[in-house]
Amino acid sequence: QVRLIESGGGSVQSGGSLRLSCTVSGSTAMDYCIGWFRASPGKDREGIAASDRDLKHFYLDSVKGRFSISRANAGKAVNLQLNDLKPEDTGTYYCATGPWRRFCRGLSPPNWYERWGQGTQVTVSS
C-alpha cells in the first residue's frame with residue numbers, strides 16, 4: 001500500500017522560504033510521477049510542480065523561478081523548496097502519485113493522480 005506523508009509547512013512572512021517534503025512508503029517512489037498541488041479557499045486544487053520518473057520537472061508558470069522540486073533520500077522523498085513566498089501562495093499543499101510506471105510529461109490534472117497525502121498548511125502573511 002503506497003502512503004504519502006507531507007511535512008514542512010508553516011507560517012512565514014512575504015519573501016520568506018519553506019521546504020516541503022513528501023515521503024513515499026510502501027512502494028518504489030521512482031516508479032511514480034509525483035506532483036505537488038495547492039488548495040486555496042475559493043480556488044480549485046491546482047498542480048504547481050511535478051517530478052517525473054526520469055527526473056524531468058515541471059512547474060506552474062506563477063511559481064517558476066521561485067519553487068524547486070527535487071527527489072531526495074535515494075528517491076524516497078520529493079521535496080518542494082518554496083522561495084520568495086507571496087500571500088497568494090497560501091494554501092494546503094498536497095503531494096500525490098500518478099499511476100504506477102506511467103510518465104506524467106507535464107502538470108497533469110488532479111484526477112490523473114491516484115494516491116494523495118493528507119496535506120500540509122502554508123500561510124504567507126504580507
Side-chain angles (χ1 to χ4, degrees):
Q1 182 91 14
V2 178
R3 291 186 63 206
L4 296 87
I5 299 176
E6 301 97 336
S7 61
S11 297
V12 296
Q13 291 189 325
S14 184
S17 298
L18 288 170
R19 189 176 76 170
L20 309 183
S21 185
C22 173
T23 301
V24 180
S25 62
S27 189
T28 302
M30 291 306 299
D31 281 341
Y32 301 92
C33 168
I34 296 178
W36 278 97
F37 291 80
R38 178 172 62 208
S40 306
K43 294 181 67 176
D44 291 336
R45 186 175 297 192
E46 63 179 349
I48 56 175
S51 174
D52 215 337
R53 292 182 53 224
D54 56 3
L55 300 183
K56 291 183 179 176
H57 299 149
F58 309 99
Y59 298 94
L60 185 68
D61 283 349
S62 63
V63 307
K64 284 180 181 177
R66 300 190 298 122
F67 293 6
S68 178
I69 192 170
S70 61
R71 302 249 180 177
N73 193 16
K76 296 179 181 178
V78 178
N79 294 333
L80 186 66
Q81 179 69 37
L82 316 177
N83 295 328
D84 190 22
L85 282 160
K86 306 176 186 298
E88 53 264 40
D89 295 318
T90 293
T92 303
Y93 285 68
Y94 299 87
C95 63
T97 61
W100 185 68
R101 293 194 174 176
R102 291 271 304 273
F103 290 87
C104 48
R105 293 296 184 234
L107 293 181
S108 299
N111 61 8
W112 184 80
Y113 288 83
E114 296 186 338
R115 292 177 181 84
W116 295 78
Q118 82 288 350
T120 186
Q121 178 67 32
V122 172
T123 303
V124 185
S125 58
S126 57

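Nothing here was measured: the structure is a model prediction, and the numbers come from that model. We use all heavy atoms of the structure for the numbers below, so side chains are in, but hydrogens, waters and symmetry mates are not.
- Donor-acceptor pairing under 3.5 Å is recorded for the side chains of Gln121 and Thr92.
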inquiry  = With side-chain contact (heavy atoms from CB on, under 4.5 Å) as the criterion, how do Leu20 and Gln81 come out once you've worked through the C-alpha distance, each side chain's angles and the decisive distance to 0.1 Å?
reply    = CA-CA 6 Å; Leu20 309 183; Gln81 179 69 37; over 6 Å; no
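- Between Arg66 and Asp89, the closest heavy-atom pair is NH1-OD2, 2.8 Å.
- A donor-acceptor pair under 3.5 Å is absent between the side-chain atoms of Asp52 and the main chain of Asp54, judged by distance alone.
- A donor and an acceptor atom, one from each side chain of Arg71 and Ser51, are located under 3.5 Å apart.
- In this structure, Arg38 is not positioned above the aromatic face of Tyr94 in the sense of NZ or CZ being under 6.0 Å from the six-membered ring centre and within 45° of the axis.
- For the pair Arg115 and Trp100, the NZ or CZ position fails the cation-pi test of under 6.0 Å to the six-membered ring centre and within 45 degrees of the ring normal.
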key: Trace of the side-chain contact (heavy atoms from CB on, under 4.5 Å) decision for Ile48 with Phe67   = CA-CA 9 Å; Ile48 56 175; Phe67 293 6; 4.2 Å; yes
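- Rounded to the nearest 0.5 angstrom, Gln13 CD and Ser125 OG are separated by 5.0 Å.
- With rounding to the nearest 0.5 angstrom, the CG atom of Leu18 is 9.5 Å from the OG1 atom of Thr123.
- A 6.0 Å sphere centred on CZ of Arg105 holds more than 12 heavy atoms belonging to other residues, nucleotides or ligands.
- Hydrophobic clustering (ILVMFWY, side-chain heavy atoms < 4.5 Å, transitive): Tyr32 and Leu107 are in one cluster.
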task = Go through the steps for Glu6 and Trp116 under the test side-chain contact (heavy atoms from CB on, under 4.5 Å), then give the verdict.
result = CA-CA 10 Å; Glu6 301 97 336; Trp116 295 78; 6.0 Å; no
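- Taking every heavy atom of both residues into account, Ser40 and Gly91 meet most closely at OG-CA, 4.1 Å.
- Clustering ILVMFWY residues whenever any of their side-chain heavy atoms sit less than 4.5 angstrom apart, transitively, puts Ile69 in a cluster other than the one holding Trp112.
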task = Could you go through the side-chain contact (heavy atoms from CB on, under 4.5 Å) check for Val2 and Val24 one step at a time?
result = CA-CA 7 Å; Val2 178; Val24 180; 4.1 Å; yes
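- Using a 4.5 Å heavy-atom cutoff, the side chains of Thr23 and Leu4 are not in contact.
- Environment of CZ in Arg19: sparse, with no more than 12 heavy atoms of neighbouring residues, nucleotides or ligands closer than 6.0 Å.
- The shortest heavy-atom contact between Phe58 and Gly106 is CE1-N, 3.4 Å.
- From Ser11, atom OG reaches atom CG of Leu85 across 11.0 Å, with rounding to the nearest 0.5 Å.
- Expressed to the nearest 0.5 Å, how far OG of Ser68 lies from NE2 of His57 amounts to 7.5 Å.
- Ser14 has its side chain within reach of Pro87: a pair of non-hydrogen atoms, C-beta onward, lies under 4.5 Å apart.
- In the hydrophobic clustering of ILVMFWY residues, with side-chain heavy atoms under 4.5 Å counting as a link, Val78 and Met30 come out apart.
- To the nearest 0.5 Å, atoms CZ (Arg102) and OG (Ser108) are separated by 8.5 Å.
- For the pair Ile5 and Gln118, the minimum side-chain heavy-atom distance is below 4.5 Å.
- Without hydrogens or angle criteria, Ser17 side chain to Asn83 main chain gives no donor-acceptor distance under 3.5 Å.
- The aromatic rings of Tyr113 and Phe37 sit perpendicular to each other, their planes meeting at more than 60°, with 30° as the lower class boundary.
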